[in-house]
Amino acid sequence: MKIETWKGGSVSTSRESDEAPDADLGTSLRSAMVEHMKEQGWLRSDEVAAALTRVPREMFTPGTPLETVYAAETVVITKRDEHGAPMSSVSAPRIQALMLQQAHLYPGMKVLEIGSGGYNAALIAELVGPGGEVTTVDIDAEVVGRARECLTAAGYERVRVVLADAEHGVPEFAPYDRIIVTVGAWDIPPAWIDQLTDDGMIVVPLRMRGLTRSVAFIRDGIRLVSSDHEMCGFVPMQGIGARAEQVVELHGEDVHLRVDEAQALDTDGLREALKGARVERWSGVTVGPMESFDGLDMWLMSAADSFALLTATSDAIDDGLVGPVAVAGTKAIVSGTTLAYRVKPRALDVKRTRFEFGVLAHGPDADRLAKYFIDLIKAWDREHRHGPGSQLTAIPVSASPRDFPAGRLIDKQHVQVVISWSRHGGGNGP
């Protein structure tokens, strides 16, 4: 492990006259971004808003147009692999604000950030103040070097920059009040829990059966219990903790199934099923044009026995090989050589004020699997849609079964994650 603490090199308050217009534009765009995020309801903490206003994001994204730097939902990619896939990035301000608000940071706290870029560490440093401590760790020497240079140039040299595999945390400066993970994680290593204070919190983009959610976990003895979780996306973790999804081609490069757990799939049978006739079913469950239904995705992931994500290119959709689905992926259920997946909700009126959830199924058991999928959608609408949502509990694999709450159990290497739901009556009907 190599630990680097960078000192000196604070940002000068004076600028050459030819730099002043860019500086003024950056300040203006920063303020406008913060106000926009408040208006959208993404920014509810005055402290986080103040940090976003103070930290010059452009100093951590050199060469990127300021309008892009301060676009609230735009990720700035800072490194790609040989295939062009993102390896490191400065996350979208909306997601950074979300996670910082989940973490409930206060002055004087000790914080470990896993996944460096520099900008988020600077925001954390603003929130914990001069009496707090910020350590940021990354496995990539190039990323660490860039974070070091940017933090120093921006005046945040008190942030510790560590080059290491974060699977082991950074024990030298533990315990931490908060651990904030800014890369996609499939598991929660023992070191992260061990290096938390007794009442500490981990905020982590955790991948569960293919879905990633930013989960705020509060330590409760050996267990971690969620207080909140939100939809998000991050570049995947590297090193010991890396875990790739299983990607199954159903039609060349055009249609894939992504599976996040060991499943023995009949790929040849599924490929044939996709070529045949399909069954279409609609649920009678509707959603408004701007209404989130992330809870439905979590419910399907936790309720279905064989869950996957189906991705298709626009060509595959246009050719009718699959129905109208989101190019980024849709939720699917597999049973033998039969596949069912949710299609884009259809508009029920000319003004497009209500949209209905529907399902397509391919294969010999399409009727049954489509009905099963529809029944799950109706169950969510009836029992969980207007309730408190799901709670996640992460428990070490060595724990006694009596420590596990009821719910869907997701096995990982170091922890088992249990997704629990409380029933709540209601539902919006057809």
| remark: Correct closest heavy-atom pair for V134 and A121 would be CG1-O, 4.0 Å

| query | Taking NZ, NE, NH1 and NH2 as the nitrogens, is one of them in E35 or K38 under 4.0 Å from a carboxylate oxygen of the other? | reply | yes

| query | Would you say L339 and L257 make side-chain contact, with heavy atoms under 4.5 Å? | reply | yes

| remark: Closest heavy-atom pair, V325 versus A312, reported as atoms and distance to 0.1 Å, is CG2-CB, 4.3 Å

| Any donor-acceptor N/O pair, T330 side chain to A326 backbone, under 3.5 Å | no

| field | Donor-acceptor pair, side chain of Q195 and main chain of V170, under 3.5 angstrom | value | yes

| task | Report the distance from atom OG1 of T197 to atom NZ of K110, rounding to the nearest 0.5 Å. | result | 9.5 Å

| Between R258 and L309, is there a donor-acceptor pair closer than 3.5 Å when you use the side chain of the first and the backbone of the second? | no

| request: Kindly indicate, with the supporting measurements, whether the criterion side chain to side chain donor-acceptor pair (under 3.5 Å) is fulfilled by E126 and Y156. | output: CA-CA 9 Å; E126 287 284 351; Y156 295 94; 2.5 Å; yes

| remark: When every non-hydrogen atom of Y119 is compared with those of Q96, the smallest separation belongs to CE2-OE1, 3.2 Å

| query | What is the minimum heavy-atom distance between I95 and C232, and which atoms define it? | reply | CD1-CB, 4.2 Å

| remark: Here the pair of heavy atoms bringing V159 nearest to L151 is CG1-CD1, 3.9 Å

| remark: Taken to the nearest 0.5 Å, the spacing of E47 CD from L105 CG works out to 10.0 Å

| task | Start with the C-alpha distance between W380 and L300, add both sets of side-chain angles, then the distance that settles side chain to side chain contact (heavy atoms under 4.5 Å, CB included), and finish with yes or no. | result | CA-CA 8 Å; W380 166 75; L300 293 173; over 6 Å; no

| query | Can we say R243 and D187 salt-bridge, meaning some charged N sits less than 4.0 Å from an Asp/Glu carboxylate O? | reply | no

| request: Kindly indicate, with the supporting measurements, whether the criterion side chain to side chain donor-acceptor pair (under 3.5 Å) is fulfilled by E113 and N120. | output: CA-CA 8 Å; E113 180 195 38; N120 198 62; 3.1 Å; yes

| task | Decide, yes or no, whether a salt bridge links R408 with D305 under the criterion of side-chain N to carboxylate O below 4.0 Å. | result | yes

| message | Would you say that V359 contacts I377 through its side chain, given a criterion of any heavy-atom pair below 4.5 Å between the two side chains? | response | yes

| field | Test item: S28 side-chain N/O and D24 main-chain N/O as donor-acceptor pair under 3.5 Å | value | no

| Quick one: does K412's side chain get under 4.5 Å of W186's, heavy atoms only? | yes

| message | Donor-acceptor pair, distance only, cut-off 3.5 Å: does the side chain of R342 make one with the backbone of F373? | response | no

| query | Can a salt bridge be assigned to the pair R385 and E291 using a cut-off of 4.0 Å between side-chain N and carboxylate O? | reply | yes

| message | In the structure I gave you, are the side-chain heavy atoms of V215 and L224 within less than 4.5 Å of one another anywhere? | response | no

| message | Looking at K378 and D381, is there a salt bridge between them, counting it only when a charged N and a carboxylate O are closer than 4.0 Å? | response | no

| message | Using 30° and 60° as the class boundaries, would you call the ring planes of H384 and W421 parallel, tilted or perpendicular? | response | tilted

| task | Could you check S226, S227, S214 and say which one makes a side chain to side chain donor-acceptor pair (under 3.5 Å) with Q102? | result | S214

| For the side chain of Q101 and the backbone of S45, is there at least one donor-acceptor N/O pair under 3.5 Å apart? | yes

| How about M208 and M301: do any of their side-chain heavy atoms sit closer than 4.5 Å? | yes

| Within a radius of less than 6.0 Å around CZ of R54, do more than 12 heavy atoms belonging to other residues, nucleotides or ligands occur? | yes

| said: Using side chain to side chain contact (heavy atoms under 4.5 Å, CB included), reason through V287 and F357 one step at a time and then give a plain yes or no. | reply: CA-CA 8 Å; V287 65; F357 293 114; 3.9 Å; yes

| query | Which atom names give the shortest non-hydrogen contact between D177 and L196, and what distance separates them? | reply | O-CD2, 4.2 Å

| request: Check the pair I114 / V137 against side chain to side chain contact (heavy atoms under 4.5 Å, CB included), numbers first and verdict last. | output: CA-CA 5 Å; I114 294 175; V137 57; 3.9 Å; yes

| request: Using the side chain to side chain contact (heavy atoms under 4.5 Å, CB included) rule, take I188 and H414 through it: C-alpha gap first, then chi angles, then the decisive distance, then the call. | output: CA-CA 6 Å; I188 300 176; H414 300 300; over 6 Å; no

| Any side-chain heavy atom of K331 within less than 4.5 Å of one from L296? | no

| Between CZ of R146 and CD of E149, what distance do you get to the nearest 0.5 Å? | 9.0 Å

| said: I'd like to know if the side chain of R57 reaches the main chain of V69, judged simply by a donor and an acceptor atom lying under 3.5 Å from each other, with no hydrogens or angles considered. | reply: yes

| field | Flag for T74-T68: side-chain donor and acceptor within less than 3.5 Å | value | no

| message | Rounded to the nearest 0.5 Å, what separates atom CZ in R178 from atom NE2 in H104? | response | 8.0 Å

| query | Once you round to the nearest 0.5 Å, how far does CG of L52 lie from CZ of R30? | reply | 10.0 Å

| message | To the closest 0.5 Å, what do you measure between CD (E230) and CG (D294)? | response | 7.5 Å

| query | Just by distance, do the side chain of D319 and the backbone of L321 share a donor-acceptor pair under 3.5 Å? | reply | no

| query | Between D228 and R213, does a salt bridge (charged side-chain N to carboxylate O under 4.0 Å, His left out) hold up when you go through it step by step? | reply | CA-CA 10 Å; D228 180 36; R213 297 294 180 268; over 6 Å; no

| request: Determine whether I395 and P405 make a side-chain contact, defined as any pair of heavy atoms from C-beta on separated by less than 4.5 Å. | output: yes

| Side chain to side chain, T135 and E133, heavy atoms closer than 4.5 Å | no

